[in-house]
Amino acid sequence: MLASDRQTSVDDPTLRLGISACLLGEEVRFNGGHVKNDFLLNTLGEWVEWVPICPEVEIGLGVPRESLRLIGDWKKPRLVAPKSGNDHTEAMRRWSESYLERLDELCLDGFVLKKDSPSCGAFRVKVYDENTVPKRQGRGLFAAALIEAAPLLPIEEEGRLNDAHLRENFIERIFAFYRFKRLAADPTPAGLIDFHTRHKLTLMAHAPAGQRELGRLVADAGRRSLDALLPEYGAVLMQTLRKVARRPGHTNVLHHVMGFFKEHLDAADKQELLEVIETYRVGQVPLIVPITLLRHHLRRHPVHDWLPRQVYLDPYPSELALRNHV
């Protein structure tokens, strides 16, 4: 949706995501067309207020228009229309700077960019050398400016969201970033400790080293200024979550969670849970299968109240069904 009509809360949030406008079906591409993405519009869109933008239109180029490409040094390419030779580099840089100066006002929780675009592409965009030979080494000019200006902001390309693991990782990150912003808006040492405690299993699945580093930062919550501590914590948090959680990490967490039930399950239930975790580990079932069984035992047994509060069990709305595919 373009304007939210949901009641936003921590448990049922509506996130604000920037997006390349063509992905929502807006006819702003160079050829007058669009590349509407059904997952973004019809599935994720239930939980998102979209903030669309087309940088090329914003700098005054029409629809349709001459196609653009990146040329020159891949680290500092120029944005050029090859047929006419018109150079739009400075216009794009000026507009990007102006847009990014308003980034805090936009209150974004993430950004989805159009792949391969010389303005919006974030990864492996073609840059043409002096012999007009393309190499996939670049970033679109707006995407590069956005990534530099907002290093914590979850950013992804729509093409990469076809990969189930990358899709699940991005959605997990935008909801985590939303929760972190809520913490940062009214920070207290107790709030930071609670946030970290609730995300312990999530961080363990992604990168135990990152979890430990964040734990060391939280241990300083009563001794250091939160104004200094929170940005450092946020940077490590989002860096840790960018590491895609794979089966070994999830399996480690599942075994860890199982330990909370050792005094509550009989031998048959323990064996069943071990077998389900193993079938997940070897790739025979998706993550939702052991998670569902753990939730079943959690409803039946009064384990430590630390466990039901773990974000890992419900990192985003279950309706998205992302764990059915990883």
Side-chain angles (χ1 to χ4, degrees), residues 2-3 16-35 37 40 49-130 132 134-160 174 177 181 231 235 238:
L2 295 182
R16 284 174 58 84
L17 296 188
I19 189 169
S20 297
C22 57
L23 300 176
L24 295 181
E26 295 188 22
E27 296 178 340
V28 292
R29 285 182 51 80
F30 72 97
N31 59 4
H34 64 78
V35 280
N37 185 286
L40 295 173
E49 179 182 354
W50 296 111
V51 183
I53 197 74
C54 177
E56 293 174 18
V57 170
E58 291 295 327
I59 65 171
L61 301 182
V63 179
R65 58 185 173 274
E66 188 178 357
S67 63
L68 305 178
R69 65 171 51 170
L70 299 177
I71 65 169
D73 182 354
W74 66 270
K75 295 180 181 178
K76 292 187 65 175
R78 302 195 67 79
L79 182 65
V80 173
K83 288 184 180 179
S84 65
N86 291 333
D87 190 324
H88 301 286
T89 307
E90 295 309 316
M92 182 62 70
R93 285 179 177 162
R94 285 194 302 270
W95 175 82
S96 297
E97 288 176 4
S98 175
Y99 179 87
L100 295 172
E101 286 174 357
R102 301 185 293 110
L103 200 57
D104 288 344
E105 300 172 16
L106 295 173
C107 298
L108 299 181
D109 301 295
F111 217 111
V112 183
L113 294 163
K114 177 69 187 80
K115 71 170 184 175
D116 296 333
S117 164
S119 56
C120 288
F123 308 101
R124 303 184 69 248
V125 178
K126 289 180 180 178
V127 181
Y128 291 78
D129 64 19
E130 64 277 7
T132 68
K135 295 182 180 179
R136 287 193 170 274
Q137 295 179 309
R139 278 184 173 146
L141 293 195
F142 170 67
L146 174 65
I147 290 168
E148 182 178 359
L152 302 191
L153 188 70
I155 296 170
E156 192 51 274
E157 288 183 341
E158 106 287 355
R160 284 163 49 95
I174 61 177
F177 190 61
K181 289 202 312 180
M238 300 314 297

Study note, to complete from the structure: Rounding to 0.5 Å, atoms CD1 (Ile53) and CZ (Phe111) come to a distance of 7.0 Å

Check your understanding: Do Leu68 and Val80 come close enough that some side-chain heavy atom pair is under 4.5 Å?
Key -> no

Point to revise | Between CG on residue Leu113 and CD1 on residue Ile155, distance to nearest 0.5 Å | key: 6.5 Å

Exercise for review: Can you run down the salt bridge (charged side-chain N to carboxylate O under 4.0 Å, His left out) pairs that involve residues 115-127, sequence neighbours left out, and say none if there aren't any?
Suggested key: Asp116-Arg136

Check your understanding: Nearest 0.5 Å, what's the CG-CG distance between Leu153 and Leu108?
Key -> 6.0 Å

Revision key, fill the gap. Between Val28 and Ala21 the two heavy atoms that sit nearest each other are CG2-CB, 4.1 Å

Exercise for review: Apply salt bridge (Lys or Arg N to Asp or Glu O under 4.0 Å) to Lys181 and list each qualifying residue two or more places apart in sequence or on a separate chain.
Suggested key: Asp109

Check your understanding: Of all residues at least two apart in sequence or in a different chain, which pass the side-chain contact (heavy atoms from CB on, under 4.5 Å) check with Ala145?
Key -> Ser96, Leu100

**Study point:** With Tyr99, the side chain to side chain contact (heavy atoms under 4.5 Å, CB included) member among Arg102, Glu97, Glu101
**Key:** Arg102

**Study point:** Pairs flagged by side-chain hydrogen bond (donor to acceptor under 3.5 Å, both in side chains) wherever residues 71-82 is involved - sequence neighbours left out
**Key:** Arg78-Asp87

Practice item. Would you mind listing every side-chain hydrogen bond (donor to acceptor under 3.5 Å, both in side chains) that reaches into residues 142-156, with sequence neighbours excluded? Key: Glu156-Arg160

Review point. What is the distance from atom CG of Leu61 to atom SG of Cys54, rounded to the nearest 0.5 Å?
Key: 8.5 Å

Review point. Can you tell me how far the CD1 atom of Ile19 sits from the SG atom of Cys120, to the nearest 0.5 Å?
Key: 10.0 Å

Check your understanding: Does the side chain of His34 reach to within under 4.5 Å of the side chain of Glu27, using non-hydrogen atoms?
Key -> yes

Check your understanding: Around atom CG of Asn31, are there more than 12 heavy atoms of other residues, nucleotides or ligands at under 6.0 Å?
Key -> yes

Check your understanding: So how far is it from Leu23 CG to Asn37 CG, rounded to the nearest 0.5 Å?
Key -> 6.0 Å

Point to revise | Any Thr89 side-chain heavy atom under 4.5 Å of Pro77 side chain | key: no

Review point. Tell me, which pairs form a side-chain hydrogen bond (donor to acceptor under 3.5 Å, both in side chains) where one or both residues lie in residues 51-72, sequence neighbours left out?
Key: Glu56-Arg65, Glu56-Ser119, Glu66-Ser84

Exercise for review: Would you indicate whether the side-chain heavy atoms of Arg29 and Val35 approach each other to under 4.5 Å?
Suggested key: yes

**Study point:** Exercise: identify the closest heavy-atom pair between Ile174 and Pro154
**Key:** CG2-CB, 3.7 Å

Review point. Is there a donor-acceptor pair closer than 3.5 Å between any side-chain N or O of Arg139 and the backbone N or O of Phe123?
Key: no

